[in-house]
Amino acid sequence: MTVVVRTDQWHPPDMEAVRKGGASVIKAGGTVIFPTETVYGLGANALSAEACLKVFRAKNRPADNPLIVHVCDMEGFLRVAENPPEGLVSALKALWPGPLTVLVRKRDVVPDVTTGGGRPTWR
């Protein structure tokens with residue numbers, strides 16, 4: 001089944017439609033296509049190895065090319081980031097909301113497949 005929720009920056013989507021459409025698909029282990037600030041993304045539950053494998057297969061993406069883990073708030077960030085520096089946490093609190101990319105060590109809750117098979121080695 002395909003569900004389409006149309007949106008643009010001037011007309012926010014009906015949040016109930018988003019919950020019924022994208023959120024329910026992701027929770028069920030499926031994949032969704034969504035707009036980002038620059039391109040369209042193919043997404044799935046980053047905490048599910050099986051769901052992430054669907055993204056890799058659909059995009060014919062190399063297994064060592066990590067996926068981006070999107071979070072909507074500090075709670076989500078702290079759930080996936082292992083021991084982020086306090087300075088980074090303070091900066092995120094000052095800069096969010098808005099699109100921002102950071103690289104951090106992952107917690108074990110994030111499957112290795114999501115991050116391309118491993119953990120970063122920097123200290």
Participant: Is a donor on one side and an acceptor on the other found under 3.5 Å between the side chain of Thr114 and the backbone of Val110?
Facilitator: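 Between the backbone of Val110 and the side chain of Thr114 there is no qualifying donor-acceptor contact (under 3.5 Å).
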Participant: Heavy atoms, side chains only, cut-off 4.5 Å: are Lys93 and Met74 in contact?
Facilitator: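 Yes, side chains in contact.
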Participant: Name all pairs fulfilling the side chain to side chain donor-acceptor pair (under 3.5 Å) condition that reach into residues 70-80, sequence neighbours left out, sorted by first residue then second.
Facilitator: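 Of all non-adjacent pairs touching residues 70-80, none passes side chain to side chain donor-acceptor pair (under 3.5 Å).
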Participant: At their closest point, which heavy atom of Val71 faces which heavy atom of Val80, and how far apart are they?
Facilitator: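 Minimum heavy-atom separation between Val71 and Val80: CG1-CG2, 4.1 Å.
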Participant: Hey, what do you get for SG (Cys72) to CH2 (Trp96), rounding to the nearest 0.5 Å?
Facilitator: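 It comes to 9.0 Å.
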Participant: Looking only at heavy atoms, which two atoms of Thr31 and Ala44 are closest? And how far apart?
Facilitator: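 Between these two residues, the closest heavy atoms are CG2-CB, 4.1 Å.
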Participant: Please tabulate, for side-chain N and O atoms in residues 52-69, each donor-acceptor pair with protein atoms closer than 3.5 Å (sequence neighbours left out).
Facilitator:
residue: Lys54; atom: NZ; partner: Gly29; partner atom: O; Å: 2.8
residue: Arg61; atom: NE; partner: Asn65; partner atom: O; Å: 2.9
residue: Arg61; atom: NH2; partner: Asn65; partner atom: OD1; Å: 3.3
residue: Arg61; atom: NH2; partner: Pro66; partner atom: O; Å: 2.6

Participant: Would you mind reporting whether Asn83 and Arg105 have side-chain heavy atoms less than 4.5 Å apart?
Facilitator: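 In short, these two side chains do not touch, never coming nearer than 4.5 Å.
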Participant: If you measure from NZ on Lys106 to CG on Asp112, what distance do you get to the nearest 0.5 Å?
Facilitator: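 Lys106 atom NZ to Asp112 atom CG measures 4.0 Å (nearest 0.5 Å).
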Participant: Can you list everything that forms a side-chain contact (heavy atoms from CB on, under 4.5 Å) with Ile26? Sequence neighbours excluded, please.
Facilitator: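 Here the qualifying residues are Val32, Asn45.
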Participant: Kindly check if the number of other-residue, nucleotide or ligand heavy atoms within 6.0 Å of CG (Leu88) is above 12?
Facilitator: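 Result for CG/Leu88: enclosed.
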Participant: Which heavy-atom pair separates Ala81 from Val104 by the least distance, and what is that distance?
Facilitator: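 Reported closest heavy-atom pair: CB-CG2, 3.7 Å.
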